[in-house]
Amino acid sequence: MARIGAKNTTGWKATIAVAMSNYIEAGSIIAIATSLGFWQAEFGFSDGFAGLLAALSANAFGAAIGAIIGGPLCDRLGRKFIYTYDLMVYMVGVLIAAFAVNSGMLMAAFVITGIAVGAGVPASWTYIAEEAPSEKRAAHVGTAQLAWSVGPAIGFFLAALLEPLGLFGSRIIFVHLFVVAFITWWVRQGLSESKRWTETNNVRTQNPSAKVLGGSGFRGLFSRKKNITALIFLVGVYGFWNTVAGQAGIFMPRVYDAAGFTNSQQQFFLQSFLWLCTVIGTYFGFMALADRMSRRLLYFIGAVMGIAGWVVLVYVPASTGTMFAFAILWGLASGIGAQAFYGLWTAELFSTGYRASAQGFLFFTARIMVGILSYGFPVWLTTMGLHGLGAILIAILSVSLLVGTIWAPKTQGKTLEEIEEERYGSEKEAARV
């Protein structure tokens, strides 16, 4: 495989190369989800420790730590710096998981992998948005969501095929992630730096006293009321939605058990089908429509479908039809829902000097929210039952529905520079002085 040279780093090739990190990052969450029961049986740890592992993994606190570190570094040292090194850390983590012989090694593996995932997400979503043409920005940003969806679809399918092998099959899945991560890392070495970041960095380098919209990194991010308002909005959109999606990502086999659907191999096949629906929703929904139709309406449709899916799963008696209805509704909703819009709106609502820092802060906040619920989720599912805990999840999703539908920004079709001009106006002019 030839590297992508500098002359080929614009457009779709660069987008796909960077988006591939989302495949292995989401794949690691699914590898944990499908293997957690096997690890628990092998090492004999409690439901509480299982929750702790999930909370410290790429699904929650581990990714939060990586994001809060990686976002500012991405703004300070460049997008390429992060996506050059994050997968090296990731490969160490999944390799430790593949050969773990005790719960301590497993926890170390999950934390290391989580930090790498958290550092990589702000860089990949930011780079893709900055390099995308304004009239197709949603389509390009949607590629990251597409890759994020393909990872679990393949991960759950592999888990279903390898389920008869037990824990050994799970170890194979972690090895597969190592191989894909290495190939992705090698291909991405030929990518060029983001042009927008380079231009902004050149301004800072040539005139250190110039204040580019209040500065860069967290200093610039938190120096403007508009930024804080946008952060609150995006936490409402993504943080609340992801709190539920995070539990579904890692604890769905336990939720299916609670719903009366107990065959683990069938669960994995159903999850693979669910994520295939997410792939379809992302490609034919978000990527095809978010640059053309009302984003507010598209977001609303996705959010309503997601809530409907959980209502079916929680309150309708378990059956084959119920399970497939949930998979179709939640799967399609995830494709055109909050995560794709989060990646798009975060890129659009913040200046280049702190765009990745905003991504990092939001991803950090969202994963902390996931981690808090993940820590007690296995125990609460047992004590409260699916009806009790499910009602809480539906309420959380309803917050995301309302926030995103009511306050969706009008940024469609505009360049990132035009959006900056509208949002910061005179502040931007002052920054040039």
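Keep in mind that what you see is a predicted model, and the values were worked out from it rather than measured. Residue numbers start at 1 and run along the sequence shown.
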Judged by atom type as modelled, is there a donor-acceptor pair below 3.5 Å linking the side chain of [X] to the main-chain atoms of [Y]?
{"X": "Ser400", "Y": "Ile396", "value": "no"}
{"X": "His387", "Y": "Val314", "value": "yes"}
{"X": "Thr405", "Y": "Leu402", "value": "no"}
{"X": "Arg79", "Y": "Cys74", "value": "yes"}
{"X": "Arg296", "Y": "Ile406", "value": "yes"}
{"X": "Thr278", "Y": "Gly335", "value": "no"}
{"X": "Trp197", "Y": "Thr352", "value": "no"}

Parallel, tilted or perpendicular: which describes the rings of [X] and [Y], with under 30° parallel and over 60° perpendicular?
{"X": "Phe110", "Y": "Phe174", "value": "parallel"}
{"X": "Phe222", "Y": "Phe218", "value": "tilted"}
{"X": "Phe341", "Y": "Tyr299", "value": "perpendicular"}

Between [Y] and [X], is there a salt bridge with N-O shorter than 4.0 Å?
{"X": "Glu420", "Y": "Arg355", "answer": "yes"}
{"X": "Lys195", "Y": "Glu130", "answer": "no"}
{"X": "Arg295", "Y": "Glu348", "answer": "yes"}

Looking only at heavy atoms, which two atoms of [X] and [Y] are closest? And how far apart?
{"X": "Phe233", "Y": "Trp407", "answer": "CE1-O, 3.4 Å"}
{"X": "Asn227", "Y": "Leu349", "answer": "OD1-O, 4.3 Å"}
{"X": "Ala366", "Y": "Gly239", "answer": "CB-CA, 4.0 Å"}
{"X": "Ala144", "Y": "Asn22", "answer": "O-CB, 3.5 Å"}
{"X": "His140", "Y": "Ala132", "answer": "CB-CB, 3.5 Å"}

Sequence-distant partners of Gln339, side chain to side chain donor-acceptor pair (under 3.5 Å), two or more places apart: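 Partners of Gln339 under the side chain to side chain donor-acceptor pair (under 3.5 Å) test: Gln145, Tyr238.
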Please round to the nearest 0.5 Å and tell me the distance separating atom [atom1] of [X] and atom [atom2] of [Y].
{"X": "Ile173", "Y": "Ile30", "atom1": "CD1", "atom2": "CD1", "answer": "10.0 Å"}
{"X": "Leu298", "Y": "Gln412", "atom1": "CG", "atom2": "CD", "answer": "9.5 Å"}
{"X": "Leu344", "Y": "Phe286", "atom1": "CG", "atom2": "CZ", "answer": "4.5 Å"}
{"X": "Leu276", "Y": "Leu332", "atom1": "CG", "atom2": "CG", "answer": "9.5 Å"}
{"X": "Ser294", "Y": "Leu289", "atom1": "OG", "atom2": "CG", "answer": "11.0 Å"}
{"X": "Trp380", "Y": "Leu386", "atom1": "CH2", "atom2": "CG", "answer": "15.5 Å"}

More than 12 heavy atoms from other groups under 6.0 Å of CZ on Phe182: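 12 or below, so no.
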Does a sphere of radius 6.0 Å around CZ in Phe269 hold more than 12 heavy atoms from other residues, nucleotides or ligands, not counting ones at 6.0 Å or beyond?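 Yes.
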Does the side chain of Phe326 reach to within under 4.5 Å of the side chain of Leu274, using non-hydrogen atoms?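 A side-chain contact exists here, since the closest heavy-atom pair is under 4.5 Å.
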For residues 49-74, pull every pair meeting ring-ring contact (aromatic ring centres under 6.0 Å, His included), keeping only residues two or more places apart or in separate chains.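 For residues 49-74, and leaving out neighbouring residues, the ring-ring contact (aromatic ring centres under 6.0 Å, His included) pairs sorted by first residue read Phe45-Phe49.
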Run the ring-centre check on Trp148 versus Tyr23 and record whether the distance is less than 6.0 Å.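 No, the ring of Trp148 stays outside the 6.0 Å limit from the ring of Tyr23, centre to centre.
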In this structure, is the centre-to-centre distance between the rings of Trp125 and Phe363 below 6.0 Å?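 Judged by ring-centre distance (under 6.0 Å), Phe363 and Trp125 do not meet the cut-off.
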If only side-chain N and O atoms count, and only distance matters, is there a donor-acceptor pair under 3.5 Å linking Tyr127 with Glu193?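 Short answer, no.
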Does Glu25 have any salt bridge (Lys or Arg N to Asp or Glu O under 4.0 Å) partners at least two apart in sequence or in another chain, and if so, which?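 Per chain and number, Glu25 pairs via salt bridge (Lys or Arg N to Asp or Glu O under 4.0 Å) with no residue.
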